[in-house]
Amino acid sequence: MTFEELIPAPARAEGRGPHGEGFVLDASTLLDASPGTESTERWLRSALGAALGLPLAPGVQGSAVALRIDDALAPEAYRLAVAEGGVEIRGGAASGVFWGAQTLRQLLGPEAFRRAPIGSGRQWTLPLGVIEDAPRFRWRGMMLDVSRHFMPKDGVLRYLDLLAAHKLNVFHFHLTDDQGWRIEIKRHPKLSEVGSWRPRSKWGHRASELWNETPHGGHYTQDDIREIVAYADALHIAVVPEIDIPGHSQAAIAAYPELGNTDVVDTSSLGVWDTWGVNPNVLAPTEETLRFYEGVFEEVLELFPSTFIHVGGDECPKDQWKQSPTAQARIKELGVGDEDGLQSWFIRHFDKWLSARGRRLIGWDEILEGGLAEGATVSSWRGYGGGIAAAKAGHDVVMCPEQQVYLDHRQHGGADEPAPIGYVRTLEDVYRFEPLPPELTEDERGHVLGTQANVWTEVMEYHARVDYQVFPRLAAFAEVAWSALPDPAERDFADFERRMTSHYMRLDALGVDYRPPGGPLPWQRRPGVLGRPIDGSPPNV
Ligand code: ACM
């Protein structure tokens with residue numbers, strides 16, 4: 001491999017020496033890790049060492065890969081220097097060193113992405129030269145919806161590895177929704193006992209008339225969550241949990257009917273939702289609901305050290321609150337004006353509650369309706385508009401517009417796409433996504449923490465479907481989030497595609513079931529009637 005095959009592209013790379021020469025990693029190569037670089041030392045030994053079949057033992061005498069913290073660099077920046085006598089990775093902080101190690105793995109070739117060596121006698125040669133690199137954005141995220149379809153823990157751990165391989169550093173974990181509650185809450189055990197199972201599921205798109213009659217469910221125990229968070233931490237990935245309020249709550253209401261608007265609907269007969277779309281059953285705006293969710297968030301805070309805690313806030317239909325005498329009385333009593341004010345009241349409450357505990361609230365852009373809570377950060381999903389409004393009002397923003405970076409949306413208009421929903425967003429479209437809209441001034445741009453790709457799983461019944469939707473587009477997204485690319489029209493997509501030739505080999509070695517450039521392989525197609533195109537379908541299904 002050469003310096004010209006990296007994804008995401010580094011800021012500066014300068015190769016040195018005649019082609020074919022380099023530093024060889026072998027059984028005598030040592031790892032010389034300074035204090036503060038232990039996470040990278042462990043990763044190099046366990047992940048890279050396993051792939052290479054080398055011990056990468058600790059030591060300073062002899063040729064070594066040296067890991068150093070360098071205060072002169074920005075925290076996530078790194079400098080990777082490969083010389084005849086050894087390798088040095090300097091990072092501004094532990095995370096920078098780790099991103100440098102990820103680059104080092106790419107330089108060793110696709111076999112370095114396996115879990116064990118294949119064959120024997122392979123020489124592991126690093127090309128000579130220097131790479132200096134730093135991320136464009138500090139929030140480089142992917143959201144995974146494990147509610148619509150549960151992803152067992154091993155799949156989540158694997159996704160964390162895949163994010164790290166692309167230098168992404170935020171995993172937004174969408175843990176609750178109408179179709180399933182996926183996290184154990186000790187105070188309220190029925191959330192996972194009852195709320196994590198549904199008897200059947202809509203098969204495919206919500207307009208489909210077919211049902212999968214197999215019960216679907218699963219949840220993470222608190223120990224599973226601790227393991228996921230610790231694993232992510234070692235990969236320098238922050239896990240941002242999402243507990244969705246006051247909409248997308250039918251699974252919680254199925255478990256605890258008193259959470260719903262019992263004066264307008266018989267919530268005791270609600271099950272966990274079995275179809276897709278926007279659900280009318282939202283939380284009742286009562287003090288009891290607040291206390292219940294404070295209990296939930298208390299356990300969430302114990303499990304997740306992340307500064308940001310996501311409270312959802314999206315797609316909360318107001319019909320039940322309009323009909324409910326209790327909700328109407330609350331509007332008067334609280335003096336919040338209308339139903340939007342009630343939504344805002346929920347979010348403001350948890351904004352204060354989280355701030356008092358040293359955390360920060362983040363929510364989908366509907367939290368702007370009825371007035372944005374003081375400390376809130378906005379995930380701008382319905383386009384750029386919410387993010388622009390929030391940044392102009394001095395709030396932080398994560399740009400994740402569905403028109404550009406919803407990876408559940410199809411990547412080709414063809415009839416054999418396995419998840420034929422939403423906008424067509426090709427690999428090139430994602431590559432030309434620009435997180436910073438021209439409407440923002442330089443100062444306002446400072447409020448854009450970064451960007452995130454979102455993956456909703458209604459039509460992804462199992463892991464391979466997720467892989468297919470996410471890859472290769474996540475590679476393009478990672479380059480947008482990390483690399484200082486020119487304006488969209490000037491981006492060199494042909495060069496990105498050229499580098500993807502190497503990257504597909506890395507994804508093959510990792511066992512990723514990506515969409516090949518020529519379209520789905522026979523087993524990736526959706527069988528039967530579901531293979532028909534659903535043209536003109538609404539975008540968010
Ligand atoms: C969303 O896509 N409902 C945030």
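Values reported hereafter were calculated over all heavy atoms of this structure, with side chains retained and with hydrogens, waters and symmetry mates removed. Numbering of ligands and ligand atoms starts at 1, following listing order. If you read the sequence from its start, that first residue is 1, and numbering goes on from there.
- Annotation: W381 places no N or O atom under 3.5 Å from an N or O atom of ligand 1; distance criterion only.
- Heavy atoms of E315 found under 4.0 angstrom from ligand 1 belong exclusively to the side chain.
- Checking E299 against Q222 by side-chain atom types alone, a donor-acceptor pair falls below 3.5 Å.
- Per-residue contacts place Y406 under 4.0 angstrom from the following atoms of ligand 1 (heavy atoms of the residue considered): 1 (C), 2 (O), 4 (C).
- Those atoms of ligand 1 that come under 4.0 Å of a heavy atom in W456, given as number and element, are 1 (C), 2 (O), 4 (C).
- The existence of a salt bridge linking R140 and E76 is confirmed by a sub-4.0 Å separation between a basic side-chain nitrogen and an acidic carboxylate oxygen.
- Of the charged side-chain nitrogens involved, none lies within less than 4.0 Å of a carboxylate oxygen, so that R187 and E294 do not count as a salt-bridged pair.
- Ionic pairing of E193 and K190 is not present here: no N-O contact between side-chain nitrogen and carboxylate oxygen is shorter than 4.0 angstrom.
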